[in-house]
Amino acid sequence: GTRMPPELARRAQAVAAKAYGGRVELVFHPQCFLQAGHFAGEDHQRIEALVEVANDPALDAVWLARGGYGACRVAEADGLLHGLPQRFRAWMSHGDRVDRLPSGFRRLAVTDNSPHAAIANPARRIYALQFHPEVAHTQGGKKILGNFVHRICGAQGTWRMKDFIT
């Protein structure tokens with residue numbers, strides 16, 4: 001996906017640390033900060049980063065996202081896509097696609113261009129999207145992020161914004 005500014009990553013880490021009392025740590029792979037055109041690194045760098053984090057036993061959950069518009073169809077509504085309509089519009093990449101799933105992974109969503117627009121290995125708590133849930137262009141994006149935080153990671157969400165504003 002598009003390169004992430006390091007300052008945005010630091011701010012996200014600080015919010016997560018404060019919001020969840022140190023029980024949740026956000027880790028950003030160095031590949032997130034690379035730049036190759038409008039991508040976060042060259043293809044081989046992004047693939048190497050994916051393999052590294054997918055095989056890291058120290059990580060409890062992994063979030064990967066890659067990102068125009070695409071019509072997603074939900075193949076499996078449990079977990080990450082719980083509560084989404086059967087079809088939803090997503091802001092995504094049309095130049096990339098996954099043709100074969102790694103061992104232990106299941107397909108969660110498909111598009112006309114990608115047979116695996118969202119995949120998961122729930123036993124290892126690894127989830128990968130070929131679209132951007134964090135942008136307003138993706139219908140149900142907030143729901144997907146909330147499902148990841150609460151259903152997958154188990155965060156309670158008991159914090160209040162007023163506790164962070166001084």
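Note that the structure is a prediction, hence the values are computed from the model and not measured.
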Open item on the list: Hydrophobic clustering (ILVMFWY, side-chain heavy atoms < 4.5 Å, transitive) - are Ile144 and Val110 grouped together?
Closed with: no

- [ ] Report yes or no: do Phe33 and Leu8 belong to one cluster of Ile/Leu/Val/Met/Phe/Trp/Tyr joined by side chain heavy-atom distances under 4.5 Å?
- [x] yes

Open item on the list: Just to verify, what does Gln86 make a side chain to side chain donor-acceptor pair (under 3.5 Å) with, not counting sequence neighbours?
Closed with: none

Task: Non-neighbouring partners of His29 that pass side chain to side chain donor-acceptor pair (under 3.5 Å), sequence neighbours left out - done: Glu52

- [ ] Check the pair Phe131, Thr111 against side chain to side chain contact (heavy atoms under 4.5 Å, CB included), reporting the backbone distance first and the verdict last.
- [x] CA-CA 10 Å; Phe131 58 88; Thr111 69; over 6 Å; no

Task: Glu7, CD: over 12 other non-hydrogen atoms inside 6.0 angstrom - done: yes

Task: Heavy-atom closest pair, residues Gln130 and Ser114 - done: OE1-OG, 3.0 Å

Task: Whether Glu25 side chain and Arg23 backbone form a donor-acceptor pair below 3.5 Å - done: no

Task: side chain to side chain donor-acceptor pair (under 3.5 Å) partners of Asp99, counting only residues at least two apart - done: Arg97

Task: Val24 and Val149, any side-chain heavy atoms less than 4.5 Å apart - done: no

Task: For Arg106, side chain to side chain contact (heavy atoms under 4.5 Å, CB included) partners two or more places apart - done: Glu76, Pro122

TODO: Check Asn121 against Ser103 and note the closest heavy-atom contact, atom names and distance.
DONE: ND2-O, 3.9 Å

Task: Arg107 versus Leu101, closest heavy-atom pair with distance - done: N-CD1, 3.7 Å

Task: Rounded distance (nearest 0.5 Å) linking atom NZ of Lys143 with atom NE2 of His150 - done: 9.5 Å

Task: side chain to side chain donor-acceptor pair (under 3.5 Å) partners of His82, counting only residues at least two apart - done: Arg151

Task: Spatial distance of atom CD1 (Ile152) from atom CD1 (Ile126) [nearest 0.5 Å] - done: 12.0 Å

Task: Atom pair CD/NE2 of Glu42 and His44 - distance to nearest 0.5 Å - done: 5.5 Å

Open item on the list: Is the ring pair Trp159/Phe164 parallel, tilted or perpendicular, if the boundaries are 30 and 60 degrees?
Closed with: perpendicular

Task: Nearest atoms (heavy-atom pairs only) where Leu81 meets Ala109 - done: CD1-CB, 3.9 Å

Task: Minimum heavy-atom distance between Pro102 and Ile119, given as atom pair plus value - done: CD-CD1, 4.4 Å

Task: Backbone N/O of Ala71 and side chain of Arg87: donor-acceptor pair under 3.5 Å - done: no

Task: Those residues that, when tested against Val135, pass side chain to side chain contact (heavy atoms under 4.5 Å, CB included) (two or more places apart) - done: Trp91, His132, His137, Thr138

Task: Non-hydrogen atoms of Leu84 and Gly140 that approach each other most closely - done: CD1-O, 4.1 Å

